[in-house]
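Single-structure report; data block below.
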Amino acid sequence: MKKFVNDPANFVPEFMAGVLAANADLLEGNLEFQMIKRKTIDASKVAIVQGSGSGHEPAHVMAVGPGMLTAACQGPVFAAPPVDACYETIKAAATDAGVLVLVNNYQGDRMAWDMACEMAEAEGIKLKQFIINDDVAVQDSLYTVGRRGVAGNFFVMKAAGAAAEAGADLDAVYAVAEKVNANVRTMGVALTSCIPPQKGDVIFDIGDDEMEVGVGIHGEPGRERTKIKPADDITKLLYDAVQSDLPFSSGDRVALMVNGLGGTPPAELYVVYNKAAKLAAETGLTIARNYVGEYCTAIEMAGVSLTMLKLDAELEELLAAPAETACRIF
Amino acid sequence: MKKFVNDPANFVPEFMAGVLAANADLLEGNLEFQMIKRKTIDASKVAIVQGSGSGHEPAHVMAVGPGMLTAACQGPVFAAPPVDACYETIKAAATDAGVLVLVNNYQGDRMAWDMACEMAEAEGIKLKQFIINDDVAVQDSLYTVGRRGVAGNFFVMKAAGAAAEAGADLDAVYAVAEKVNANVRTMGVALTSCIPPQKGDVIFDIGDDEMEVGVGIHGEPGRERTKIKPADDITKLLYDAVQSDLPFSSGDRVALMVNGLGGTPPAELYVVYNKAAKLAAETGLTIARNYVGEYCTAIEMAGVSLTMLKLDAELEELLAAPAETACRIF
Amino acid sequence: MSTLTIADVEQAIDITCDTVIRNEKYFSDLDGLAGDGDFGTSLATGFKVIKADLPTIDKSAVGAMLLKISMICSKHVGGSSGPIWGTGFMRAGMASKGMTEIDYATLVAMVGSALEGIMARGGAKRGDKTLLDALIPIHETMQAMDGSDLKAVLAAVAGVADKAIDETRNLVAHRGRASQVGERSANTPDPGIVGIATILNDWCKHYGVDFVPNAPELNR
Amino acid sequence: MSTLTIADVEQAIDITCDTVIRNEKYFSDLDGLAGDGDFGTSLATGFKVIKADLPTIDKSAVGAMLLKISMICSKHVGGSSGPIWGTGFMRAGMASKGMTEIDYATLVAMVGSALEGIMARGGAKRGDKTLLDALIPIHETMQAMDGSDLKAVLAAVAGVADKAIDETRNLVAHRGRASQVGERSANTPDPGIVGIATILNDWCKHYGVDFVPNAPELNR
Ligand SMILES: Nc1ncnc2c1ncn2[C@@H]1O[C@H](COP(=O)(O)OP(=O)(O)O)[C@@H](O)[C@H]1O
Ligand SMILES: Nc1ncnc2c1ncn2[C@@H]1O[C@H](COP(=O)(O)OP(=O)(O)O)[C@@H](O)[C@H]1O
Ligand SMILES: [Mg+2]
Ligand SMILES: [Mg+2]
Ligand SMILES: [Mg+2]
Ligand SMILES: [Mg+2]
């Protein structure tokens with residue numbers, strides 16, 4: 001296992017401690033519950049929380065900050081957070097305006113957040129839950145019934161976060177999340193597996209000349225295992241699956257994301273973006289905003305996912321709104 | 001070779017086309033010379049250029065933008081750009097205030113930029129060349145005589161870029177570059193090799209339980225090949241080498257960067273940052289600014305480098321100044 | 001004796017802790033065959049805390065003790081197992097609320113209540129290749145017995161769980177392990193079912209109940 | 001004939017193009033042993049353009065042609081080879097500026113000028129395990145001959161380059177390939193030297209000069 005890790009059992013608290021140390025001005029944490037929250041929470045605004053297994057950074061605890069999540073918690077690598085962590089996260093974020101609980105569509109996450117929401121509601125916390133399921137690859141998969149929630153999650157957080165920041169009420173913020181989820185589609189491809197630190201070896205075997213098309217962010221099988229192809233062909237595979245699913249059609253303005261799964265370097269992401277932008281132009285789409293980088297990883301898996309979100313004036317404004325998280329360049 | 005690549009010979013122009021497509025508002029390119037430049041260049045301000053082999057993204061063409069580089073060019077993966085590319089880049093960026101040419105200390109880069117500078121000066125372009133050599137690992141190495149220029153390069157670009165933006169003259173911008181380079185130190189470690197697309201296989205072999213301490217960003221050998229260690233021990237190795245070299249001492253304010261070499265995922269970078277921050281505190285250093293992410297990669301190599309820059313009031317202000325490049329989160 | 005005291009329940013839980021902790025790696029390896037390999041670790045993380053806290057937690061009633069155990073699952077068990085086992089203990093605790101002794105009817109009701117809770121929580125049905133495929137027939141078997149001989153009940157349910165391993169081995173998982181898994185799920189037993197069966201098998205050993213399991217997973 | 005015409009030089013360059021293009025992969029593989037494996041590709045990228053442009057480029061003088069070739073290197077050759085070969089051709093071109101024929105003394109001066117330029121450009125000295133370890137003794141050998149028999153000169157310099165491969169094989173590189181390379185540079189020939197020697201060997205074949213190389217790199 002070639003990783004920067006001490007005792008694998010401490011991997012999650014240690015990386016979270018690093019995130020907190022690096023963002024002491026912006027964030028504070030409660031590591032007893034693997035939780036990170038904004039230092040200042042405006043009680044008059046809707047709070048947004050999310051939390052899932054670790055290994056998808058910057059999702060989810062690194063997506064906390066003004067204009068994004070209010071608080072988030074993480075489970076062990078690839079495992080839903082314990083119920084109490086979810087509950088404490090809701091409690092820590094809760095405002096008078098209520099809490100929007102974003103849940104990626106995985107069995108473990110849904111159960112944990114369901115229980116936490118019940119507990120929080122029983123205490124009088126006002127909340128709504130929203131399930132994200134943007135992955136077009138397969139209808140049912142490991143750990144989920146129905147489509148999986150993957151990188152499109154970023155757009156839900158960003159748009160809902162901006163709406164909350166602007167003072168929208170819980171129903172309105174929920175409606176934004178709903179609109180994004182209804183208009184966002186993703187598919188990914190893996191060239192290699194990844195190694196969860198506590199497992200100590202790869203989660204699946206894949207041949208030196210193979211790729212997994214439609215892979216999940218925990219290495220779940222996708223649509224097919226094929227021979228590896230040139231970047232343009234892979235990009236077309238992803239683009240066609242994503243484009244045809246909504247479908248996105250000529251005249252649409254879209255946000256397009258090329259998300260690295262963790263082990264793919266920046267230059268390769270831009271090779272993919274280069275082709276995706278051409279394909280979008282051929283379909284008659286206008287890429288109003290683009291996102292190239294790591295947004296939702298599968299630890300160090302080599303691979304990418306392609307996400308498209310159909311925009312309207314409201315969503316475009318929400319995506320353009322300022323936001324701040326632990327991810328910074330300068 | 002598990003990569004997103006079409007014809008390997010087109011890898012560099014294709015990823016550059018992707019960068020341009022994704023940043024059409026900010027950047028324009030001249031792919032005949034593998035060059036990217038800002039769309040608007042203020043003739044009254046000092047221009048800053050750099051260029052080196054590809055495979056280190058976001059260095060260097062992705063570091064072009066207001067407050068950073070004015071223009072940059074790239075060679076093939078891990079090979080210095082052709083002389084003409086360097087020359088055209090200087091010409092495209094040149095302003096009345098002059099050009100600062102930043103060169104990482106590699107033989108190929110130095111020769112190419114030397115020739116280009118001679119040609120540009122012969123045409124009356126005012127310029128100064130500055131050589132960056134922040135890597136403490138080895139005195140001489142593959143492709144270089146003297147220390148290598150690695151991730152510390154980011155701080156030179158950022159601080160010099162901010163000074164130029166603020167209207168400093170060529171000597172003053174040069175002095176900033178000099179001050180940063182004199183106060184910045186880096187060392188890296190590799191857990192795996194990487195595959196330059198045109199080579200098609202790894203540039204060095206390394207055992208499943210080995211790491212290369214002091215590795216260069218082209219996979220050049222470093223200080224020693226040892227058994228892999230826990231993240232904290234690796235971090236301490238890097239920290240001690242960097243800290244003792246300047247040396248950084250109690251009371252110093254520093255910028256600290258944990259740079260991923262391409263294949264190491266965000267969570268692991270924060271495990272390293274977590275320990276580095278503790279070590280810095282033990283030395284009595286104050287981390288005034290931190291940087292955790294990919295700044296200077298070696299394609300998809302798994303590994304990190306640790307950089308520290310000793311700050312004074314001037315540098316702190318320059319690092320805090322706004323800047324914009326092709327790397328964006330939102 | 002066909003009623004159980006608080007001490008009896010405490011002891012059974014203590015044995016369970018040992019089983020889960022000892023099988024951490026094995027259960028995770030099983031989960032790794034078609035899943036993500038965290039089942040053993042998730043469960044063991046929680047049961048290590050249960051083992052440590054068991055001597056000192058609220059034992060004013062069986063229900064109180066089980067609710068406390070449910071809370072430990074909620075705090076320390078990640079993945080699907082946290083909500084599933086936490087719900088199971090919570091429902092069993094609610095069905096034995098305030099009781100310092102439980103009779104056989106209550107015991108059967110506790111199991112029934114736990115499995116209903118788990119079904120409601122995760123939406124799985126019989127045949128979805130989850131631990132419900134052990135719990136449901138266990139509950140049916142218990143209902144069909146009169147409970148006058150608890151050792152006979154234990155032998156019977158251990159046998160049911162043992163059989164569930166083999167009966168579900170070649171099922172395609174409908175929940176959590178979908179058809180897309182393809183060859184990865186073929187011929188792999190469900191780790192949750194193996195977990196239940198291993199616990200019951202260890203109970204048999206501990207309580208001196210004669211039981212020879214059939215599934216290779218119980219004959220390691 | 002002991003003078004060379006523009007056509008002679010053009011032909012020699014054309015043969016060189018073929019050699020470099022044909023050995024693209026081999027030269028890169030050699031560079032990969034202790035370097036970064038780009039030498040063959042870098043050089044071939046440029047010589048493909050030279051080959052294509054050669055029929056039409058300015059051939060008003062040997063010097064003009066060589067300067068044009070230098071410019072192609074500057075535009076198309078990356079890595080250290082761009083400046084090194086570009087400088088070499090530029091200096092050779094300056095030493096033959098305006099000439100439509102070159103005599104032996106000029107030829108020797110062109111080589112000397114090229115190698116001085118390369119030394120000034122990259123700061124390498126003899127023994128640093130670079131192509132200078134072929135060029136410097138080649139120049140010395142040329143100086144020691146009278147040039148009345150150019151085939152004899154070619155045989156001699158091909159032999160010098162051949163010998164340079166083996167003589168430098170076990171050297172530790174001082175420039176570009178430092179001591180840190182350790183085992184990676186042990187027993188690997190310098191690709192630049194092999195490149196020069198391969199070109200000269202091919203010239204021998206083409207011009208019917210009897211020459212049997214010794215280094216395994218020339219006997220593939
Ligand atoms: N919806 C469900 N209902 C009941 N049991 C389930 C359900 N989903 C999973 N399980 C059980 O949990 C086990 C897996 O637990 P674990 O590995 O902790 O969860 P995850 O699948 O989230 O990684 C499975 O073997 C199965 O027996
Ligand atoms: N400073 C130098 N002076 C002369 N020749 C050099 C110098 N550095 C490298 N070379 C030659 O160039 C060859 C390598 O070229 P190339 O692979 O293109 O450059 P790089 O080392 O930058 O990858 C070496 O084999 C050597 O013969
Ligand atoms: Mg899991
Ligand atoms: Mg090179
Ligand atoms: Mg699991
Ligand atoms: Mg080379």
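Every chain is numbered from 1 and lettered A, B, ... according to where its sequence line falls, protein lines coming before strand lines. Here the structure is a predicted model, which means the values were calculated and not measured.
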Please work out whether the ring planes of His60(B) and His56(B) are parallel, tilted or perpendicular, with thresholds of 30° and 60°.
perpendicular

Measure Val19(A) against the heavy atoms of chain B and call it side chain, backbone, both or neither at under 4.5 Å.
both

Region of Met301(A) that comes under 4.5 Å of a non-hydrogen atom in chain B:
neither

Of Asp7(A), Thr297(A), Asp208(A), the largest count of non-hydrogen pairs under 4.5 angstrom with chain B goes to Asp208(A)

Would you find more than 12 non-hydrogen atoms of other residues, nucleotides or ligands less than 6.0 Å from Lys229(A) atom NZ?
yes

Looking at chain A, which one of Asn10(B), Asn290(B), Asn6(B) has the largest number of heavy-atom pairs inside 4.5 Å, strictly under?
Asn6(B)

SB check Lys2(B) Glu300(B) (cutoff 4.0 Å):
no

Among Thr264(A), Leu20(A), Val12(A), Val258(A), single out the residue with the greatest number of heavy-atom pairs under 4.5 Å to chain B.
Thr264(A)

Name the option with the most non-hydrogen atom pairs under 4.5 Å to chain B; the candidates are Leu256(A), Val272(A), Thr325(A).
Thr325(A)

One option among Ile287(A), Val292(A), Val271(A) has the most heavy-atom pairs under 4.5 Å with chain B, and it is Val271(A)

Option in Ala267(A), Cys327(A), Gly303(A), Gly55(A) with maximal non-hydrogen atom pairs under 4.5 Å from chain B
Ala267(A)

Is Ile234(A) in contact with chain B via its backbone, its side chain, both, or neither, using a 4.5 Å heavy-atom distance?
side chain

Can you label the angle between the His218(B) ring and the Phe78(B) ring as parallel, tilted or perpendicular, going by 30° and 60°?
perpendicular

Against chain B, label Met1(A) side chain, backbone, both or neither, depending on which of its atoms sit under 4.5 Å from a heavy atom there.
backbone

In terms of heavy-atom pairs under 4.5 Å with chain B, the winner among Gly293(A), Ala326(A), Ala323(A), Ala276(A) is Ala323(A)

Please state whether the side chain, the backbone, both or neither of Ile299(B) comes within less than 4.5 Å of a heavy atom of chain A.
both

Okay, Lys3(A) and chain B: the region with an atom under 4.5 Å from a heavy atom over there is both

